[in-house]
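Okay, here's the structure, questions in a sec.
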Protein chains: 2
Amino acid sequence: MAGSTSSEHGRLIRKMETIAVLTEPEKAALAGLPMRLKDFAEDTDLVREGDTPQECCLILEGFICRYKLLGQGQRQIFSFHLPGDIADLQCLQLSVMDHSVGALVPGRCAYIPHTALRELTDRFPAIAAAFWRDILIDAAIFREWLAGVGRRTAHQRIAHLICEVCTRLKSLKLIDDHVFDLPVTQAELGDALGLSTVHVNRVLQDLRRAGLITSKGRRLVIEDWPKLQEAGDFDPAYLHLRAPEGR
Amino acid sequence: MAGSTSSEHGRLIRKMETIAVLTEPEKAALAGLPMRLKDFAEDTDLVREGDTPQECCLILEGFICRYKLLGQGQRQIFSFHLPGDIADLQCLQLSVMDHSVGALVPGRCAYIPHTALRELTDRFPAIAAAFWRDILIDAAIFREWLAGVGRRTAHQRIAHLICEVCTRLKSLKLIDDHVFDLPVTQAELGDALGLSTVHVNRVLQDLRRAGLITSKGRRLVIEDWPKLQEAGDFDPAYLHLRAPEGR
DNA sequence: AATCGCGCCTAACATGGGTTAGTGTGGCTC
DNA sequence: GAGCCACACTAACCCATGTTAGGCGCGATT
């Protein structure tokens, strides 16, 4: 076991390396984290508002969102998460979840006990700093979405989101071109962007007609990155990636 | 000097106590932080997008906001900050600011060197945890605003914001009833809530007509807290206050 | 191969909130 | 005390987006 790193732990390490430089002992410590693996189906809640979890949930495969249900049965999605993300890192400090974490497609995750994570952050300040950094980037993404929903048009918001997902996938080395799966229904896009399903549909068609994107099923192709970036007023600075992506 | 605590440091300690329990040595350490005081005028930027500050900015007096200017000259305000808040705590981990911090009214702040804060968090893990917690609460507020701008009506958003500010002021013991200053123009409210100035005005009048609030100048009185809370779909859970406020 | 359900798509209509273009007023400056 | 400026407020009009109500196609189930 020692010396080798499972693919599960590799996911986590690769993600951490997008936000911080890790030494070998730090990587080894991450690789030694205990994990309880779990497969999950579509539309499952991994963590629920009001819960006080004792484990954190590392995404290994799938596409995850954080969301909250509002008074009138509406839903707001706050963020999407990709493999390597720990979606509920915050509950290390805030015991009660103020929102839920849900799966949009079937996938796999690993539950890591808080105790193990606390021990890790106590022993390796650099890892604590990286987690802290991760949470701050999380917050930066919320701010960017807030700016979008508050002040950008529907066209800008959708273009922006597509740029963001593509940039993050590239930084995780899960893709290396402008082709990827966006396994999200138009209704879910609407819940993320504060739009109705109907309007999401209208706008997507506009973007296709304008030649900025194409899509077959959930597979999405960005045909004209510069124009899409411009249409979305997208500047990746807020993602605070170590190596500037884009192109 | 030893044994006494300046009112500047007191502000910070009182704020920290709303999010964590502090021991005497921890309080003493906070009270010993070096501070460079500065008065500022209305509409000043305390920190600007793109900056890489070497100090954090503790608010002592005034009303501060964090904001970003978008491509088309529009502005989105992300949060308001009250005395005791460190508005740019995040730059301890993310060196480049991805947004600005601006004063809405004249006030006073204290700049604290990053080095002193790092030393403090190294020596006192509980303080590091409290900072971490503060940042997470910050993010929780962003999420709540995102939910508002994305899915709530203008009336709900405005009522919600008024409830939030009042609740936070109470938790800081800056007020103890439902009367407070909201030193913010209607245009600024609009920038925070994703609304036009005209519409903010319309809605405020509606709330007054409905007997939920009154206001003379910037002084605002919540006349009917339960109804306002309901109108705003306000649940203070997301503020993660140690002692549940509200009423 | 019929049925079901879900997600994409469309059309017609409704409306919340934006835009533009002001008026009114109180506090400040000179 | 005249002038100015910032801000609250108003009115008329407009449009981006929401709502309602479906149709269509495809994969899964039987």
Considering only heavy side-chain atoms of A/L195, the closest of D/dC9, D/dG18, C/dC8 is D/dG18

Which whole-number value in Å describes the distance from B/K216 NZ to C/dG26 C1'?
17 Å

Counting the atoms with a prime plus P, OP1 and OP2 as sugar-phosphate, which does A/S196 contact under 4.0 Å by heavy atoms, base, sugar-phosphate, or nothing?
base

In whole Å, what is the span from the CZ atom of B/R209 to the C1' atom of D/dC9?
11 Å

Within the 4.0 Å heavy-atom criterion, would you say A/T197 contacts the bases, only the backbone, or no part of the nucleic acid?
nothing

Backbone of B/P53 reached by a side-chain donor or acceptor of B/D51 within 3.5 Å:
no

Nearest to the side chain of A/A154 - C/dT19, D/dA8, D/dT17?
D/dT17

For A/D224 and A/G211, which heavy atoms make the closest approach, and how far apart are they?
CB-O, 4.1 Å

So B/G194, base contact, sugar-phosphate only, or nothing? Heavy-atom distance under 4.0 Å.
sugar-phosphate

What integer distance in Å separates B/R157:CZ from C/dG16:C1'?
10 Å

Look at atom CZ of B/R48 and say whether more than 12 heavy atoms of other residues, nucleotides or ligands are closer to it than 6.0 Å.
no

salt_bridge(A/R66, A/D138) N-O dist < 4.0 Å
yes

Selected nucleotide, minimal atom distance to A/R208 side chain, candidates D/dT19, D/dG18, C/dC9
C/dC9

Whole-Å distance separating the CD atom of B/E42 from the C1' atom of D/dA6:
10 Å

Ion pair B/E144/B/R152, N-O distance below 4.0 Å
yes

Atom CG of B/L182 and atom C1' of D/dA8 are separated, to the nearest Å, by 14 Å

Using heavy-atom distances to pick each residue's nearest nucleotide on DNA chain C, tell me which of A/T185 and B/R152 is more 5'.
A/T185

Rounded to whole Å, CG of A/N201 lies from P of D/dG23 at a distance of 17 Å

The nucleotide from D/dC9, D/dT17, C/dT19 with an atom nearest the side chain of B/Q205 is D/dC9

Which is more 5' along DNA chain C, the nucleotide nearest A/A187 or the one nearest A/R151? Just name the residue.
A/A187

Would you mind telling me which of C/dG17, D/dA8, C/dC8 lies closest to the side-chain atoms of B/R202?
C/dG17

From the set D/dT19, D/dC7, D/dT17, return the single nucleotide nearest to any side-chain atom of A/V198.
D/dT19

Length of the line joining B/H199:NE2 and C/dG18:P, which is rounded to integer Å
6 Å

Separation of A/R218 atom CZ from D/dC26 atom C1', in whole Å?
13 Å

